[in-house]
Undergrad: 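Just dropping this structure here.
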Amino acid sequence: MKKMYKFSGLFALLLVFILSGTVLASGKKPSEERLYVYSDSSVYKTMLGVKHEFKGAFSTKGVARAKALEKLGLIKTEKVEEFNISAPPSSKCGDGYCQGFESILSCPSDCGGDEEDPVLTREYYPSDQYPWGIEMVNGGSGGDNVVVAILDTGIDKSHLDLKYIDCFETLDNSVGMVCDAGNGHGTHVAGTVLAMGGDDGLGIYGVAPQADLMVGKVLYDDGTGWGDDLVVAIYEAVDRGANIISMSLGSVVSTQATQDAVRYANDNDVLVIAASGNYGDNIETINYPAAYKEVVAVGAIDANKNVTSFSIPGSIDDQNDEIISDGEIEFAAPGYNVYSTFLGGRYAYGSGTSMATPHISGLAAKLWQGNGSFTRSYLRDLAVDISDTGYDIYTGYGMPVAPVFTCADNEINCGGVCKVPACSSDLTCDDGDSATIDTCVNPGTCEASCQNSTQVAVCGNRTCDPGETWSTCPRDCKK
């Protein structure tokens, strides 16, 4: 859950969701009622109309007909919940913070900016390449071959520090705008997980910069969304190959459809991580989906490892520290004045449990143990107690911290794994054949490799090599 953003220095401007004069169709959540219908019947799907379809259920806008069928005992329905990234009520237009539900249109005093398209050149540089939160959890490297799906407001797809391998959207949207962000929340979250410094190495770094980013736009640009859009995205992320699903959003309502979706992820060895939520807007208890025991719930701490005033604690402590129950916090992570990527190729500060969640998602990628269950247990083993002794409702097991690897003199740290480079010079690639030359590519690095040998001219090897003639090597070449 997001609290607020504050820009740094001269870059205190928000790139708005006006691209080439076109406002995204996904800018604002439509005001409509939707129902989950728990039935696989094609008859009811035809009768009611299908918005989204998932295992054993579908969502519909045919509310009146669905309720009538339920009264007859023919189907079971449930109201589709609403999700958001709301800020505390103390935050308001004019306070100098561009919040998730604000834009240049709704609050120009906080979100003022230009209307130019993002550029693919390095115009902005971060003031800190390794923010305090990344350093606190020993992040900044690793994550190779681990796919993190961030279900949020989309990302700035032109940001030089973010690269994605897959992108999908579950909202009604205009053609050609898939996953584009008119809200900086998703971009900020993504940067904390896996910002990779840009091709020039001058950008910002996330916890696991070598991880792969999957983007799922499930919230409108006003920071709100419908539960069925999120539910179908969870199924989609799993089926597309995500290892980790990160959700910095929440709802006060629990539904069978959402819990079924996170259970589907668990059953497929996918680790699901979500924000516990922020106090405010009558939200006083841990949000869903974080409240489900199948989900890793994350609270927020500041740079002094104190629990922030806005972080919602777990609803219960079942007194059994061996397991997590519904409503319990699992971890706490940096969530105050977190510096990360933002719209328009820029960088910004943000606070909230939304900002804490990607630190844990990044650690899960950096320390991936082959499946979600093993990784979750490993994070728990690495958790450092930071509040009341032992498990507590504010920080759970504490804050996981990645081990600091010390490698031998002939080894280097490759994403948390000590390896001996394949070669350190052309000499270490030499296969001993006098008729070949071997080349060491990227010597002494994690990417070091020996290129295949190329034949060179050697007089006397009974072969007329390129460059040899009868006059220079009569033994090999004919006159």
Side-chain angles (χ1 to χ4, degrees), residues 54-55 137-139 141-152 164-166 168 189-190 192-194 206-216 230-248 258-275 289-298 320-326 328-331 333 356-384 396-403 405 414-419:
F54 0 92
K55 188 177 180 180
V137 300
N138 286 340
S141 66
D144 305 68
N145 301 314
V146 180
V147 180
V148 183
I150 295 177
L151 307 186
D152 210 287
Y164 61 94
I165 62 166
D166 196 6
F168 65 91
V189 168
T192 297
V193 177
L194 42 61
V207 179
Q210 280 78 54
D212 293 322
L213 172 61
M214 179 186 294
V215 181
L230 177 64
V231 168
V232 74
I234 294 173
Y235 284 105
E236 186 79 6
V238 174
D239 293 344
R240 285 174 178 248
N243 300 115
I244 299 162
I245 294 176
S246 184
M247 296 181 285
S248 290
T258 301
Q259 189 166 28
D260 286 347
V262 297
R263 285 175 174 169
Y264 176 79
N266 278 195
D267 291 343
N268 284 275
D269 295 327
V270 176
L271 183 61
V272 184
I273 304 170
Y292 297 127
K293 63 184 179 182
E294 295 87 359
V295 178
V296 175
V298 184
N320 182 353
D321 292 353
E322 298 299 316
I323 62 171
I324 285 290
S325 299
D326 288 344
E328 287 192 308
I329 287 280
E330 193 151 350
F331 301 120
T357 300
H359 284 87
I360 301 300
S361 301
L363 278 174
K366 176 181 175 67
L367 304 171
W368 185 249
Q369 299 296 298
N371 64 50
S373 178
F374 290 167
T375 303
R376 188 173 185 177
S377 296
Y378 187 46
L379 291 176
R380 190 178 300 178
D381 291 340
L382 297 174
V384 177
Y397 297 104
M399 179 182 66
V401 177
F405 293 93
C414 297
V417 178
C418 294
K419 294 182 178 180

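Predicted, not measured: the structure shown is a model, and the values here were computed from it. Computed over heavy atoms, backbone and side chain alike; hydrogens, waters and symmetry mates excluded.
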Undergrad: Contact between V231 and T258 at the side-chain level, heavy atoms closer than 4.5 Å - yes or no?
TA: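 Counting from C-beta outward, V231 and T258 do come under 4.5 Å.
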
Undergrad: Compile the donor-acceptor pairs under 3.5 Å between side chains in residues 238-245 and protein atoms, sequence neighbours left out, one pair per line.
TA:
{"from": "D239", "atom 1": "OD1", "to": "Y264", "atom 2": "OH", "distance (Å)": "2.6"}
{"from": "R240", "atom 1": "NE", "to": "E236", "atom 2": "OE2", "distance (Å)": "2.7"}
{"from": "R240", "atom 1": "NH1", "to": "D166", "atom 2": "OD1", "distance (Å)": "2.8"}
{"from": "R240", "atom 1": "NH1", "to": "D166", "atom 2": "OD2", "distance (Å)": "3.0"}
{"from": "R240", "atom 1": "NH2", "to": "E236", "atom 2": "OE2", "distance (Å)": "3.1"}
{"from": "N243", "atom 1": "OD1", "to": "V147", "atom 2": "N", "distance (Å)": "2.8"}

Undergrad: Output the distance between atom CG (L363) and atom CD1 (I273), rounded to the nearest 0.5 Å.
TA: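 Answer rounded to 0.5 Å: 8.5 Å.
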
Undergrad: Could you report the tightest heavy-atom contact between S141 and P209, atom names first, then the distance?
TA: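 Closest heavy-atom pair between S141 and P209: N-CD, 3.4 Å.
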
Undergrad: Can you find a pair of side-chain heavy atoms, one from D260 and one from Y235, that are under 4.5 Å apart?
TA: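 In contact.
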
Undergrad: Can you tell me how far the CD atom of Q369 sits from the CG atom of D381, to the nearest 0.5 Å?
TA: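 Q369 CD to D381 CG: 9.5 Å, rounded to 0.5 Å.
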
Undergrad: As a test of understanding, state which of I324, T375, V296 forms a side chain to side chain contact (heavy atoms under 4.5 Å, CB included) with R380.
TA: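 Exactly one pass, corresponding to I324.
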
Undergrad: For residues F168 and L151, report the shortest heavy-atom separation together with the two atoms involved.
TA: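 Looking at all heavy atoms of both residues, the shortest contact is CZ-CD2, 4.1 Å.
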
Undergrad: Output, in order, the C-alpha distance, side-chain angles, deciding distance and verdict of side-chain contact (heavy atoms from CB on, under 4.5 Å) for D152 and S248.
TA: CA-CA 7 Å; D152 210 287; S248 290; 3.9 Å; yes

Undergrad: Look at atom CG of D269 and say whether more than 12 heavy atoms of other residues, nucleotides or ligands are closer to it than 6.0 Å.
TA: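 More than 12 heavy atoms, drawn from other residues, nucleotides or ligands, come within 6.0 Å of this atom.
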
Undergrad: On a heavy-atom basis, which atom in A364 and which in L271 lie closest, and how many Å separate them?
TA: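 Where A364 meets L271 most closely, the heavy atoms are CB-CD2, 3.7 Å.
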
Undergrad: Okay, side chain of Q210, backbone of G143: is any donor-acceptor separation there less than 3.5 Å?
TA: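 No, Q210 side chain to G143 backbone: no donor-acceptor pair under 3.5 Å.
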
Undergrad: Are any non-hydrogen side-chain atoms of I150 and P358 less than 4.5 angstrom apart?
TA: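 A side-chain contact under 4.5 Å is absent here.
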
Undergrad: Nearest 0.5 Å, what's the CZ-CH2 distance between F374 and W368?
TA: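 Output value for this atom pair is 10.5 Å.
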
Undergrad: Could you walk me through whether I234 and M247 pass the side-chain contact (heavy atoms from CB on, under 4.5 Å) check?
TA: CA-CA 10 Å; I234 294 173; M247 296 181 285; 4.1 Å; yes

Undergrad: Indicate the atoms forming the closest heavy-atom contact of L194 with A208, along with that distance.
TA: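 So the minimum-distance heavy-atom pair works out to CB-O, 3.3 Å.
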
Undergrad: Would you say N268's side chain and V270's backbone share a donor-acceptor pair under 3.5 angstrom?
TA: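 No, the answer is negative, given that no donor and acceptor are paired below the 3.5 Å cut-off.
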
Undergrad: Starting at CD of E330, measure out to NZ of K293 and round the result to the nearest 0.5 Å.
TA: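 With rounding to 0.5 Å, CD (E330) is 13.0 Å from NZ (K293).
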
Undergrad: What are the two closest heavy atoms between V148 and A211, and how far apart are they?
TA: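 So the minimum-distance heavy-atom pair works out to CG2-CB, 4.4 Å.
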
Undergrad: ring-ring contact (aromatic ring centres under 6.0 Å, His included) with Y397: which residues, sequence neighbours excluded?
TA: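 Partners of Y397 by the ring-ring contact (aromatic ring centres under 6.0 Å, His included) criterion, ordered by chain and then number, come out as Y391.
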
Undergrad: Less than 4.5 Å apart, side chain to side chain, heavy atoms only: is that true for F331 and T357?
TA: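 A side-chain contact under 4.5 Å is absent here.
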
Undergrad: Do P400 and I360 have side chains that get closer than 4.5 Å, going by heavy atoms?
TA: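 P400 vs I360: side chains touch.
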
Undergrad: So how far is it from E294 CD to R376 CZ, rounded to the nearest 0.5 Å?
TA: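 One gets 8.0 Å once the value is rounded to the nearest 0.5 Å.
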
Undergrad: Not counting sequence neighbours, which residues clear side chain to side chain donor-acceptor pair (under 3.5 Å) with E328? List them please.
TA: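 Scan of E328 (side chain to side chain donor-acceptor pair (under 3.5 Å), adjacent residues dropped) gives none.
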
Undergrad: Could you give the distance from CG (D144) to NZ (K366), rounded to the nearest 0.5 Å?
TA: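 Nearest 0.5 Å value for the CG-NZ distance: 9.5 Å.
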
